[in-house]
Amino acid sequence: MKRAFDLSVAIFLLVLASPVMAVVALLIRTTSPGPAIFSQTRVGLGEKSFQCLKFRTMAVGTPDVSSHQASSTWITPIGRVLRRTKLDELPQLVNVLRGEMSLVGPRPGLPSQTELLEERRRRGVFGVLPGITGRAQLAGIDMSQPQRLAEVDSEYIASRTFLTDLLILFRTLAGKGAGDAANT
């Protein structure tokens with residue numbers, strides 16, 4: 001049921017958001033050099049790597065590090081708006097269609113985040129698809145807190161229901177929670 005819901009909502013949101021996505025892509029391309037879409041290797045279900053898609057919010061040539069390790073000076077002006085409004089996440093709907101992500105689940109980490117990977121491995125977090133949004137993001141817990149993040153991810157998995165996923169999704173769409181913050 002979760003997969004059918006994910007597919008239905010992802011298709012609906014892609015159709016609904018396609019004009020916004022086109023404008024965002026155009027704004028990115030006209031305000032900074034480089035592609036509009038950013039692809040980064042992330043660790044997903046069963047610890048398999050996949051290419052996570054996002055709108056590019058940082059300058060081309062930025063080192064491949066997690067957001068909390070990145071300098072805020074690397075973020076483009078339009079990137080600041082995209083991050084604040086979470087519009088940078090819209091391309092991940094394609095990852096949902098591909099079966100690499102779910103709408104709701106633990107946010108996928110980078111292969112270089114060894115402490116987070118170990119904590120998640122220990123708690124069985126890699127047994128579910130990663131999500132575009134999740135309980136930890138609504139609680140303001142980012143990847144700079146790997147042990148706490150893995151704990152909350154594990155608690156989510158143990159208690160998840162269709163209703164809790166809906167609540168997380170609606171709270172995210174209403175603007176609750178926060179993503180990973182860049183260093184200042």
Drop me the distance from [X]'s [atom1] to [Y]'s [atom2], to the nearest 0.5 angstrom.
| X | Y | atom1 | atom2 | answer |
| --- | --- | --- | --- | --- |
| Leu138 | Leu167 | CG | CG | 10.0 Å |
| Arg120 | Arg122 | CZ | CZ | 13.5 Å |
| Ile75 | Arg83 | CD1 | CZ | 4.0 Å |
| Ile168 | Thr133 | CD1 | OG1 | 7.0 Å |
| Met58 | Leu82 | CE | CG | 12.0 Å |
| Glu151 | Glu119 | CD | CD | 7.5 Å |

For the hydrophobic clusters of this structure (ILVMFWY residues joined by side-chain heavy atoms under 4.5 Å, transitively), does one cluster hold both [X] and [Y]?
| X | Y | result |
| --- | --- | --- |
| Val9 | Ile132 | yes |
| Leu163 | Leu173 | no |
| Leu103 | Met1 | yes |
| Val60 | Ile28 | no |
| Val81 | Phe55 | no |

Between [Y] and [X], is there a side-chain heavy-atom distance shorter than 4.5 Å?
| X | Y | result |
| --- | --- | --- |
| Gln40 | Gln51 | no |
| Thr41 | Pro111 | yes |
| Arg98 | Leu53 | yes |
| Phe38 | Asp88 | no |
| Leu45 | Phe50 | no |
| Val24 | Leu90 | no |
| Leu110 | Arg42 | yes |
| Cys52 | Met101 | yes |

Let me check something: any side-chain donor-acceptor pairs from residues 10-23 under 3.5 Å, sequence neighbours excluded? List them with distances.
unit_1, atom_1, unit_2, atom_2, d
Ser18, OG, Val15, O, 3.0

Start with the C-alpha gap between Met143 and Leu116, add the side-chain angles, then the distance that decides, and say whether side chain to side chain contact (heavy atoms under 4.5 Å, CB included) holds. CA-CA 8 Å; Met143 302 218 180; Leu116 177 61; 3.6 Å; yes

Kindly write out the residues that satisfy side-chain contact (heavy atoms from CB on, under 4.5 Å) with Thr31, not counting sequence neighbours, or none if the list is empty.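 Listed in chain order: Ile78.
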
If you look at every heavy atom in [X] and [Y], which pair is closest and at what distance?
| X | Y | result |
| --- | --- | --- |
| Pro146 | Glu115 | CG-CD, 3.6 Å |
| Arg56 | Ser32 | NH2-OG, 3.0 Å |
| Pro108 | Gly131 | CD-O, 3.7 Å |
| Gly140 | Gln145 | O-NE2, 4.1 Å |
| Pro106 | Ile157 | CG-CD1, 4.3 Å |

Going through the distances and angles, do Val152 and Tyr156 end up as a side chain to side chain contact (heavy atoms under 4.5 Å, CB included)? CA-CA 6 Å; Val152 172; Tyr156 158 76; 5.5 Å; no

Within the distance-only criterion (no hydrogens, no angle test), does the side chain of Arg107 pair as donor or acceptor with the backbone N or O of Pro130 below 3.5 angstrom?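 No; judged by distance alone, with no hydrogens or angles, the pair does not exist.
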
My understanding is that a hydrophobic cluster links ILVMFWY residues whose side chain heavy atoms are under 4.5 Å apart, including indirect links. Using that, what else belongs to the cluster containing Phe126?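 For the cluster that includes Phe126, the remaining residues are Val43, Leu117.
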
Between Lys2 and Leu129, does a side chain to side chain contact (heavy atoms under 4.5 Å, CB included) hold up when you go through it step by step? CA-CA 11 Å; Lys2 183 173 173 81; Leu129 283 172; over 6 Å; no

